[in-house]
Structures are given as structure tokens and as C-alpha cells.
Student: 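Can you read through this structure? Questions will come right after.
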Amino acid sequence: MAEAGDHSRDPCPIVILNDFGATFAMGVIGGTIWHGIKGFRNSPIGERRAGALSAIKVRAPTIGGNFGVWGGLFSTFDCAVKGVRRTEDPFNAIIAGFFTGGSLALRGGWKQTRNGAITCACVLAVFEGVGIAMQRWMAYGQKPMAPQLPEAPQPLAA
Amino acid sequence: MSWLLGGGSSTKQQEPVKEQTFAFDPSEATNVSSFLTPQALDVSKLHPLAGLNQNLEYLTLEDETPAVNTGILPIKDWTDDLCYGTGIVYLSGLGIGGAYGLAEGLRKTADSKSARLRLNGVLNAVTRRGPFLGNSAGVIALVYNLVNSSIDYFRGEHDSYNSIAAGAISGALFKATKGPKAMAISSGLVSVAAGVWCAVKKSVF
């Protein structure tokens, strides 16, 4: 399928920095929205703005950090797997997800590491499957067509 | 694997190039449709090397702008600026904080008997200091890049004053709940950092 690879992404070692930043930004912005609403709803009336603000200040950077570490580790492993396998296919992401999930759960012991790795690989497999399905679905209506020639043109002398 | 290791090309015989002539006899051409046949416009007869009748992979290049600056980073638009800037600052904050935590953990657990306990203590210190510094620095960098890109967009100019102003705003916003004095200090620090970064960028790149 994707023999030529993904051309919208930067080349490999440098893209790790991009992914760190992108996932961190995603986490911070998402965490701001999530904990803003949560802090607002869980505060007593009269302190709702302050509650939302303090919840955002405490929790949004942490969520951003967790997202960023996940995305950066994943990107690092993805590049490493690409370098070793020298192919670009969905298994890269699945293998990278396996290693990411494993290394994030490393401090919990052997069992946690194994479970985290398998869970993360399964999640990435679902992501890749959905991505391929979306790609097929988007490409369905965009096949190049040959120009239609008239079967029997009108004679020139009209 | 043949593309990597070589070989394999000898097994596939090259087809002899077929000469395709479009002998046009004006006496036979009575009207347009006599020579404008679909056979004459068959893409597979254009050039045998082009392989136009086989499976082609089309690249959509219309939404891909080439990189504008010639530095190390392939920055194309403001989202690249945001991602690379935030990523670099976050990662360096994580590294510096982690190194500080490592030193602190090693110092605090110096008289520990068990190696396992010591490893745990050091790891705890690293994961307390590293993410704290990384998260704070990353948030400042994120807000700084957002503000900087906005100022660029509204002013229509890209210079160092934008960066210093963006640093002042993001620093003030970072300490917005600690009172005006802390805001002023943090604002000054971040804008000085932004100015130093601009000077370094101008002199190095």
C-alpha cells in the first residue's frame, strides 16, 4: 500500500522533537478544557471561576506532560523500528506502541510491563486499522480518469 | 529485499522497446475523427519506460508547502514553530530537571544499605524534579509560541520585538495568580530569555 511512505511528516530523527511538542500541546490544551469544566462544576457557587483556574493551573501541565512523554517515546520507538526494519507499514506503529506501553509501565513490575505493552499494541493496531479504512474510503472517489473521447464526432462541414 | 541487496534485476528480461510510429497520411484524413482515435491516445503507447499503464501512486502535493527557512529544523508554518519550539523546550526542561533530580536522589540516598531501595529513591527524585520543570517550561513555551505567532500575524512583521513582547506576555500569564510582583519578575525573566534566544538565533543561524 503505502510504498512511498507518508510525505506529510518530517524526516525521522528530527520528527521526534515535533511529536514531543505536538502531543504536549495537545495534552495541555485538552487538559485546560477538561479540567476547566471539571473545576468549574466541582466548585461551590461564588468560587467557580477561581476553582476552574486553580484546577487548570495544577492539572493541565501534568496532563500535557503525560501526553508529551507518551508521544515522544512513541515517536522515538517508531523511528528506531523504522531504522531496523527498513520498511514503512502499519506494523511499525504497532511494534512502537508495544515498546511504548511496556516502557511506561516499567516501574510497576514484570506483569504490569507485559500488560501495558500488549494493551498499547492493541490500541495502536485499532488506530492503524481505522486509519487504513479511512484512507481507502477517502481515496475511493478520487481515482484518476482518462478523458472521454467522442465516439462519433460531428462532421466538420455543418 | 532486492532493492537493498541488489540482484534480482537479471531475472526480469527487459522487453524490447517497441517502435511506435504515427504514420500520418494526409490523403486518408477526411475529418478529425479519422486520426483522433482512442488508439492513438493510448497512454501505454506513449513511452514504454514511463509505465503509465501500471499501478501508479499519486502524490498530492498541493497542500504541502516547501520549508521556508534553511536552518536545521524543517519549519513550514506556525504549527511547526509551535511543535518544535514546545518540544525542544519541554525536552530540555525534562532533561535538566531530571539531571538535578538524579543528583539530589543520589545525594539523599548515599547512606542507603539496599541497592533496590536506593534505585527506587533515585527514580522517585528524578520523576519528581524532571516532569515538574519540563511541564512548567513546556507550558511557558507553548503560550509563548502561540502569542508570538499571533503577534506576527496581526503585525505582519517577523522580528525580535515580537518575541520579546510574546515572552513578556507569556511570563506574566504564567504567574497570573501570584500577584503583580511575581508577574513582573516572571515576565521580565521570560522576555530576557526570549531576547537572548533571538540574539543567539541571529548570530548563529
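A note on names: the letters A, B, ... follow the listed sequences, proteins ahead of strands, and every chain is numbered from 1.
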Student: For residues 58-70 of chain A, which side-chain N or O atoms pair as donor and acceptor with protein atoms under 3.5 Å away, sequence neighbours left out?
Tutor:
from: A/Thr62; atom 1: OG1; to: A/Val58; atom 2: O; distance (Å): 3.2

Student: Between B/Asn148 and B/Tyr144 (side chain of the first, backbone of the second, donor and acceptor by atom type, cut-off under 3.5 Å), is there such a pair?
Tutor: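 It does not hold such a pair.
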Student: Contact part of A/Leu53 toward chain B, heavy-atom cut-off under 4.5 Å: side chain, backbone, both or neither?
Tutor: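 Answer is side chain: those atoms of A/Leu53 sit under 4.5 Å from chain B.
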Student: Under a 4.5 Å cutoff for heavy-atom pairs, which residue among B/Thr86, B/Asp80, B/Asn135, B/Thr177 has the most contacts with chain A?
Tutor: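 Option with the greatest count: B/Asn135.
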Student: Examine whether an atom of B/Phe132 lies under 4.5 Å from a heavy atom of chain A, and if so say whether it belongs to the side chain, the backbone or both; otherwise answer neither.
Tutor: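 For B/Phe132, no heavy atom lies under 4.5 Å from chain A.
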Student: Testing the 3.5 Å rule here: is there a donor-acceptor pair between the side chains of B/Asn145 and B/Asp81?
Tutor: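 On atom types as modelled, these side chains do not qualify, holding no pair under 3.5 Å.
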Student: Look at the side chain of B/Arg118 and the backbone N and O of B/Gly105, then say whether any donor-acceptor pair between them is shorter than 3.5 Å.
Tutor: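 No, B/Arg118 side chain to B/Gly105 backbone: no donor-acceptor pair under 3.5 Å.
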Student: In a table with atom names and distances, give each donor-acceptor pair under 3.5 Å that connects a side chain of residues 101-111 of chain A to protein atoms at least two apart or in another chain.
Tutor:
from: A/Ser103; atom 1: OG; to: A/Phe99; atom 2: O; distance (Å): 3.0
from: A/Ser103; atom 1: OG; to: A/Thr100; atom 2: O; distance (Å): 3.2
from: A/Arg107; atom 1: NH1; to: B/Asn124; atom 2: OD1; distance (Å): 3.4
from: A/Arg107; atom 1: NH2; to: B/Asn120; atom 2: OD1; distance (Å): 2.6
from: A/Arg107; atom 1: NH2; to: B/Asn124; atom 2: OD1; distance (Å): 3.3

Student: At a heavy-atom separation under 4.5 Å, does B/Thr79 approach chain A through its side chain, its backbone, both, or neither?
Tutor: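 Contact with chain A involves no heavy atom of B/Thr79 at all.
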Student: Please look at B/Leu146 and chain A and tell me whether the side chain, the backbone, both or neither of the residue comes under 4.5 angstrom of a heavy atom of that chain.
Tutor: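 Contact with chain A is absent: no heavy atom of B/Leu146 under 4.5 Å.
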